[in-house]
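To start, the structure itself, in structure tokens.
Because the structure is predicted, anything quoted here is derived from the model rather than measured. Chain identifiers are assigned alphabetically (A, B, ...) following the order of the sequence lines, protein sequences preceding nucleic acid strands; residue numbering begins at 1 within each chain.
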Amino acid sequence: MSIDWITVTAQIVNFLILVWLLKRFLYQPVIRAMDRREQQIASQLDEAQAREQKAEIKAQEYQVMVIELERTRDNILAETHAKAEQQKRQLLDEARREVNETREHWQRQFQLEKDEILSNTRSLIANTVQSIARNALADLADIELEEQIIASFINRLNSLDQQSQTLLQKTSRQSSEPVRITSTFRLDSATRKRLTHAIHANLADGIEIEYYESAELLCGIALTAGEGQLSWNLADYIYKLNQDVEQAISLDTQPGTEKE
Amino acid sequence: MTISPDNIIFWQWGAVSLNATIAYTWLVMALLTLISWLVTRRISSGTTISRWQNLLEVLVAGIRDQIQEVSHQQPGKYLPFVGTLFLFIAMANLLNVVPGYMAPTGSLSTTTALAICVFAAVPIYGIAYEGPLNYLAHYVKPTLLMLPFNIIGEISRTIALAVRLYGNIMSGTVIVAILLSLTPYFFPVVMQLLGLLTGMIQAYIFAILAMVYIASATSAHTEKQGSTGNGN
């Protein structure tokens with residue numbers, strides 16, 4: 001255990017040289033590198049933080065945009081919905097109106113056709129009945145039938161109820177014209193006398209009477225006193241027949257029975 | 001039996017002689033410098049680094065952390081001195097496993113040289129930190145009476161520092177030498193391994209104690225540690 005002071009001195013120098021060498025080749029480069037790395041990492045972290053903040057701001061912007069878009073979409077949807085509803089209602093109304101118009105048109109058409117058919121039927125029936133009647137009357141046309149008609153007419157005149165009789169009397173008195181007897185066949189003087197007698201007896205004594213012939217009555221005889229009238233006429237029966245037929249057709253084609 | 005490498009003379013020219021202590025010190029210095037230069041000439045400050053650079057960074061960062069922990073100060077100005085103490089002693093002891101090599105730290109001359117360096121470094125750092133008057137005022141605290149004791153303490157701890165390192169390393173060598181003659185083959189190897197461990201611990205203790213002394217001189221806040229009686 002001895003100390004060699006020369007060696008000690010040399011070792012001190014050696015150590016100081018080593019301190020310098022290591023400072024030069026080890027500590028400084030390593031610490032510089034570590035500091036640079038720390039700075040890099042710090043700057044990268046800062047950058048990342050800045051980017052994150054930017055991204056967050058962007059995300060918020062996008063969120064706002066999304067909300068805005070959703071609201072706009074909802075508005076557009078609602079608007080479109082309302083428009084569609086309105087258009088639907090409009091179309092429905094139009095369709096309904098068209099249907100109504102078509103129906104009315106159809107009903108009018110139907111009414112017209114019905115009227116036409118009725119008119120045709122009426123005239124057909126009338127013609128048929130007339131032709132039947134004419135044929136029948138042509139076959140039967142003799143004094144006896146005319147007598148029967150006259151008898152029927154006189155009988156009707158005689159059996160008038162009080163009200164009808166009063167009415168006829170009243171109208172004959174008020175009229176300035178004479179009482180008209182219209183017949184489809186020619187009346188001989190005896191018949192005219194009988195008729196005149198019956199009229200005088202039932203309406204008013206001494207009333208003036210004129211006699212006419214007309215084919216319009218079809219077959220029969222009619223009394224006209226002013227506005228009052230009394231007749232026995234085949235046309236009345238035909239007219240009543242027409243009415244009955246018309247009523248029957250009307251019942252079959254009531255509008256209420258149609259399906260919409 | 002040769003105990004001190006001081007006595008092994010490799011080359012002599014008149015009064016100038018090259019003994020094993022200086023020669024192996026140069027070897028250790030050369031190795032440390034070479035490794036540092038090889039690694040740091042291609043140093044990278046990026047995130048991918050070589051294994052050797054990683055090793056050096058771990059070492060340097062570890063030493064810095066230790067210095068900071070002990071001194072509670074920025075480690076920058078202490079790192080070259082304290083770090084070199086640790087690396088030199090550690091490397092010198094580590095090479096003990098190489099046959100034929102004798103650790104320069106096994107020479108009392110080397111450990112005395114290192115202790116003298118610490119002895120000088122303490123006031124240098126202290127004066128640099130506080131100024132000469134403030135530093136010298138520590139020696140008369142708490143009273144002037146304490147001046148001789150403080151000086152004695154300063155010197156004694158320096159001697160203790162030198163002798164502790166020397167004793168530990170030399171004893172390792174001596175134990176191995178004795179065991180080799182008693183029980184060859186296996187047991188000396190175990191002792192060699194134990195010697196490696198002891199060498200590392202001594203390197204750590206030497207560097208840390210040096211730092212503690214320097215810190216006690218530079219910072220009033222740091223408690224005076226480093227009672228010299230706690231070594232192995």
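More than 12 heavy atoms of other residues, nucleotides or ligands sit less than 6.0 Å from atom CZ of B:Arg41. Summarising the local packing, CZ of A:Arg24 is surrounded by 12 or fewer heavy atoms from other residues, nucleotides or ligands at distances under 6.0 Å. Within 6.0 Å of CD on A:Gln87 lie no more than 12 heavy atoms contributed by other residues, nucleotides or ligands. Within 6.0 Å of atom CD in A:Glu56, 12 or fewer heavy atoms from other residues, nucleotides or ligands are found, so the atom counts as exposed in its surroundings. Enclosure of atom CD in A:Glu94 by more than 12 non-hydrogen atoms of other residues, nucleotides or ligands within 6.0 angstrom is indicated. Under a cut-off of 6.0 angstrom, the local environment of OH in A:Tyr62 is sparse, with at most 12 non-hydrogen atoms contributed by other residues, nucleotides or ligands.
Interface summary for chain B: among A:Asp35, A:Ile41, A:Val30, the most heavy-atom pairs under 4.5 angstrom belong to A:Val30. No other option in B:Thr112, B:Val28, B:Val39 has as many heavy-atom pairs under 4.5 Å with chain A as B:Thr112. Between chain B and the options A:Val13, A:Ile6, A:Ile31, heavy-atom pairs under 4.5 Å are most frequent for A:Ile31.
Scanning both residues, B:Cys117 and A:Phe15, for their nearest heavy atoms gives SG-CD2, 3.6 Å. Across all their heavy atoms, A:Val8 and B:Ala113 have their closest contact at O-CB, 3.4 Å. The two atoms that bring B:Glu57 and A:Ala33 nearest to each other are OE2-CB, 4.4 Å, heavy atoms only. Contact between A:Phe25 and B:Thr40 at its shortest, heavy atoms only, is O-OG1, 2.8 Å.
There is no contact between B:Ile35 and chain A, counting heavy-atom distances below 4.5 Å. For A:Trp20, no part lies under 4.5 angstrom from a heavy atom of chain B. At a 4.5 Å heavy-atom cutoff, the contact between B:Leu32 and chain A is made by backbone and side-chain atoms alike. In this structure, no portion of B:Leu59 lies under 4.5 Å from any heavy atom of chain A. For B:Ile43, the part sitting under 4.5 Å from any heavy atom of chain A is the side chain, from C-beta outward, and nothing else. In this structure, the portion of B:Arg64 lying under 4.5 Å from any heavy atom of chain A is its side chain and not its backbone.
The side-chain heavy atoms of A:Leu22 and B:Phe88, taken from C-beta on, include no pair separated by under 4.5 Å. Considering only heavy atoms from C-beta on, A:Leu18 comes within 4.5 Å of B:Thr33 through its side chain. For the pair A:Asp4 and B:Thr21, the minimum side-chain heavy-atom distance is 4.5 Å or more.
Annotation: the span from A:Arg37 atom CZ to B:Ser44 atom OG amounts to 6.0 Å, rounded to 0.5 Å. Atom CG of A:Leu21 and atom CE of B:Met29 lie 5.5 Å apart (nearest 0.5 Å).
At a cut-off of 3.5 Å, with distance as the only test, a side-chain donor of A:Gln11 or B:Thr25 sits close to an acceptor on the other residue.
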